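Just so it is clear, the values below take in all heavy atoms, side chains as well, and ignore hydrogens, waters and symmetry mates. Nothing here was measured: the structure is a model prediction, and the numbers come from that model.
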Amino acid sequence: MRGRKESGVLESLRFAFRRTLAYDKGIFACALLPVPFRVLNRLADVYLIALIVDAVTREAEGRLIAVILALALCKLAAGLVMRFADWQLSARNYRSKMKFLSRFAAGYMQSEFTAIESIAGKDLAQRARNAMTGIDYRDKSPVERVFVQCAELAGDFCGLSVYAGIIAVLNPLILLLLLITSGVSYLLQRALVDYDQKDKRRYIPLERRLWYLIKELRELSAAKDICLYHLMDWLRELFGSTLAERMKLHNRRSRYQYAFLVVINLLNTGFTGFIYYYLIQQYLSAGIDISQFLLYFGLITGFSAWLMSIADGLEGLRGTLLGIEDIRRFHQLPSRTAVPPSPAPAEPEAAIRLEDVTFGYQPEQPVISHMNLTIAPGEKVALVGLNGAGKTTLVKLLCGLYAPQSGRILLHGRDLRSFGAEELAERFAVVFQDIHLLPATIERNITLSDRADPLRLREVLALSGLEERIASLPGREQTLLVKSVLEDAIDLSGGEEQKLALARALYKGGDIFILDEPTAKLDPIAENELYQKYSALTEGKASLFISHRLSSTRFCDRILYLEQGTVRESGTHEQLLQLGGAYARLFETQSRYYKSGGMAM
């Protein structure tokens with residue numbers, strides 16, 4: 001694309017080579033192996049026809065048989081080598097693509113969540129995903145094509161050099177005309193690739209929307225709402241309109257491509273026709289005999305093919321590298337900023353401390369505003385408030401997923417940013433609202449390890465309330481989950497999934513326990529019983545509980561009422577009721593539904 005510097009494209013080539021060779025050092029050798037054989041194979045075709053005609057005209061039968069056998073064996077050997085190299089390269093390229101996809105997934109974990117969750121970040125991730133899965137290409141993805149294209153270009157240049165030496169002896173004018181033809185074709189191909197890159201700005205948001213709709217339509221969790229609320233027609237209409245808009249861009253691109261190809265073919269036909277006319281005149285004037293005519297004809301045709309292949313290959317490689325540039329730019333998203341480690345106090349006065357912390361997805365609209373908060377070691381704190389108050393955002397800040405725009409967060413006296421990712425993960429046991437299960441055994445889903453502690457596993461199953469349900473299953477802890485992936489698996493109910501997530505957090509352990517509304521699918525009585533068990537198990541450890549049901553947080557040492565990203569009220573349940581503020585009004589509103597004659601909740 002003209003708006004991008006060529007140095008960026010060259011850097012993408014270095015990026016692709018470094019990454020791919022790191023995954024498989026033999027891939028370049030496999031790509032280059034067929035190069036000389038491809039050149040010899042084409043050259044053999046040219047000479048085969050000329051030699052056969054020469055042998056026939058001279059009535060040399062023995063020579064004819066020898067020529068045919070020799071060249072046939074050469075072509076057979078070259079073909080076998082090329083097929084072997086293609087087979088090896090295809091397998092290696094596929095494995096390399098899987099490595100790129102794995103690294104892409106890791107990029108989500110290493111990048112700042114604010115960058116990933118922004119519209120620009122999502123668009124860049126979609127572009128990178130397209131480049132790795134081949135959405136923009138009909139056959140192979142850019143990461144699979146780059147070595148193939150480089151090897152093909154190397155072969156094209158080798159073939160061009162051989163053919164150019166022979167044609168230059170015949171007539172330099174023909175060589176000049178062929179170069180002009182290919183130069184014009186290259187410029188037109190370059191313009192088409194530039195158009196494709198500009199077109200990405202239009203269709204990437206559409207593809208991101210299509211991917212979302214496809215994901216929702218295939219998720220069983222959404223099927224109930226779609227059926228019960230008759231959303232299928234609406235979703236089909238939305239999908240259809242989005243697809244129609246995407247196809248409109250695709251069809252416009254196809255029209256441009258067709259126009260470019262028509263111009264290229266017209267130019268090639270004109271130049272090639274002139275060259276063939278010159279050869280025919282040479283033959284008719286007895287300047288060359290029939291075998292020489294066929295040889296030169298084949299050489300010029302082959303030379304033109306090499307030139308056109310180079311022109312196409314250069315722009316094809318450029319388009320591939322622009323796709324790889326999307327991958328490279330994705331991996332340049334900012335990572336979590338670290339500060340030099342600082343020694344923690346011998347006896348830290350707080351497990352967690354927020355000092356004037358401000359954060360917003362858009363700087364001018366802070367979600368957390370100048371928050372100061374201290375959670376003492378062993379203290380159990382409940383975080384409550386209306387939707388949009390900043391509760392989940394605060395949890396992500398505490399876990400290090402987001403970085404404050406101002407202020408700092410201290411964990412046991414150390415700046416949170418000074419912790420490594422693995423060290424920080426060891427400190428927290430978190431249960432978020434969204435629960436993700438692995439297509440594996442119940443044991444593996446809880447322990448997240450190949451080696452489980454049987455006693456600890458039974459303990460957390462009992463504490464989470466899953467023990468009875470697991471005991472009823474024929475495979476018990478070895479029962480497989482996620483029926484949509486594994487044939488012999490089962491699916492848990494929403495409440496059972498939440499209990500499993502709690503068991504997972506209890507098994508993992510840590511210094512800080514955080515529960516971000518993990519019991520929303522449990523009834524109030526079951527939720528209260530679960531929290532009481534959880535409270536007993538986490539005795540002596542700092543814990544943060546988030547819940548919309550205020551009655552479930554009464555066991556906590558302190559309750560914080562959040563409003564517009566700040567702590568408006570703080571105290572025990574009884575203290576906040578006596579205060580008669582927002583917490584008391586919200587509690588009174590909720591409690592009406594549990595009183596005699598009230599609506600069941």
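- Side chains of D491 and L481 form no contact here, defined as non-hydrogen atoms less than 4.5 Å apart.
- Nearest heavy atoms, L463 versus L506: CB-CD1, 4.1 Å.
- Between F359 and Y402, the ring planes are parallel. Angles under 30° get that label, and only those over 60° would be called perpendicular.
- Within the 3.5 Å criterion, the main-chain N or O of A582 finds a donor-acceptor partner in the side chain of E569.
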Worked verdict on E459 versus L455 for side-chain contact (heavy atoms from CB on, under 4.5 Å): CA-CA 6 Å; E459 181 183 20; L455 293 178; over 6 Å; no

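- Contacts of R427 classified as salt bridge (charged side-chain N to carboxylate O under 4.0 Å, His left out), with partners at least two apart in sequence or in another chain: E423, D511.
- The side-chain heavy atoms of L249 and L206, taken from C-beta on, include a pair separated by under 4.5 Å.
- Within the structure, the salt bridge (Lys or Arg N to Asp or Glu O under 4.0 Å) test picks out no pair touching residues 574-584 (sequence neighbours left out).
- Residues L544 and L383 form a side-chain contact, since some pair of their non-hydrogen atoms from C-beta on lies under 4.5 Å apart.
- Within the structure, the salt bridge (Lys or Arg N to Asp or Glu O under 4.0 Å) test picks out the following pairs touching residues 446-458 (sequence neighbours left out): R444-D450.
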Evaluation steps, side-chain contact (heavy atoms from CB on, under 4.5 Å), between V482 and I490: CA-CA 6 Å; V482 190; I490 66 167; over 6 Å; no

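- The side-chain heavy atoms of L437 and E497, taken from C-beta on, include a pair separated by under 4.5 Å.
- Side-chain N or O atoms of D415 include none that pairs as donor or acceptor with a backbone N or O of L410 at under 3.5 Å.
- Atom-to-atom distance recorded for Y583:OH and L562:CG is 13.5 Å, nearest 0.5 angstrom.
- Proximity of L397 to L416: side-chain heavy atoms (C-beta onward) are nowhere separated by under 4.5 Å.
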Step-by-step side-chain contact (heavy atoms from CB on, under 4.5 Å) determination, L577 to H573: CA-CA 6 Å; L577 289 182; H573 175 71; 3.3 Å; yes

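- Here CD1 of I442 is found 9.0 Å from CG of L480. Values are rounded to the nearest 0.5 Å.
- Between the D557 side chain and the E379 main chain, no donor and acceptor come within less than 3.5 Å of each other.
- V384 and K391 get closest at one heavy-atom pair: C-CD, 3.8 Å.
- Salt-bridge annotation for E245 and K248: absent, with no side-chain N of the basic residue lying under 4.0 Å from a carboxylate O of the acidic one.
- Distance CD1/I435 to CZ/R504: 8.0 Å, rounded to 0.5 Å.
- Side-chain contact check for I352 versus L398: some heavy-atom pair is nearer than 4.5 Å.
- Counting heavy atoms from C-beta on, the side chains of I514 and C399 come closer than 4.5 Å.
- The shortest non-hydrogen separation linking L576 to A584 is O-CB, 3.8 Å.
- For the pair I368 and T393, the tightest heavy-atom approach, listed with the atom from each and the gap, is CG1-CG2, 4.2 Å.
- Listed here is the closest heavy atom pair of T566 and S369: CG2-O, 3.2 Å.
- The shortest non-hydrogen separation linking L457 to E443 is CD2-CG, 3.8 Å.
- Residues E477 and I470 are in side-chain contact: their nearest non-hydrogen atoms beyond the backbone lie under 4.5 Å apart.
- At least one donor-acceptor pair closer than 3.5 Å links the side chain of S493 to the backbone N or O of E496.
- Rounded to the nearest 0.5 Å, atoms CG (L424) and CG (L411) are 7.0 Å apart.
- In terms of modelled atom types and a separation under 3.5 Å, the side chain of R19 and the main chain of Y23 share no donor-acceptor contact.
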Worked verdict on T572 versus I559 for side-chain contact (heavy atoms from CB on, under 4.5 Å): CA-CA 6 Å; T572 64; I559 298 172; over 6 Å; no

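- Rounding to the nearest 0.5 Å places CZ of R585 at 7.5 Å from OH of Y561.
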Derivation and outcome, salt bridge (charged side-chain N to carboxylate O under 4.0 Å, His left out), residues E11 and R18: CA-CA 10 Å; E11 179 57 35; R18 285 197 302 267; 3.2 Å; yes

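- Atoms CG and CG, on L560 and L394 in that order, are 9.0 Å from each other to the nearest 0.5 Å.
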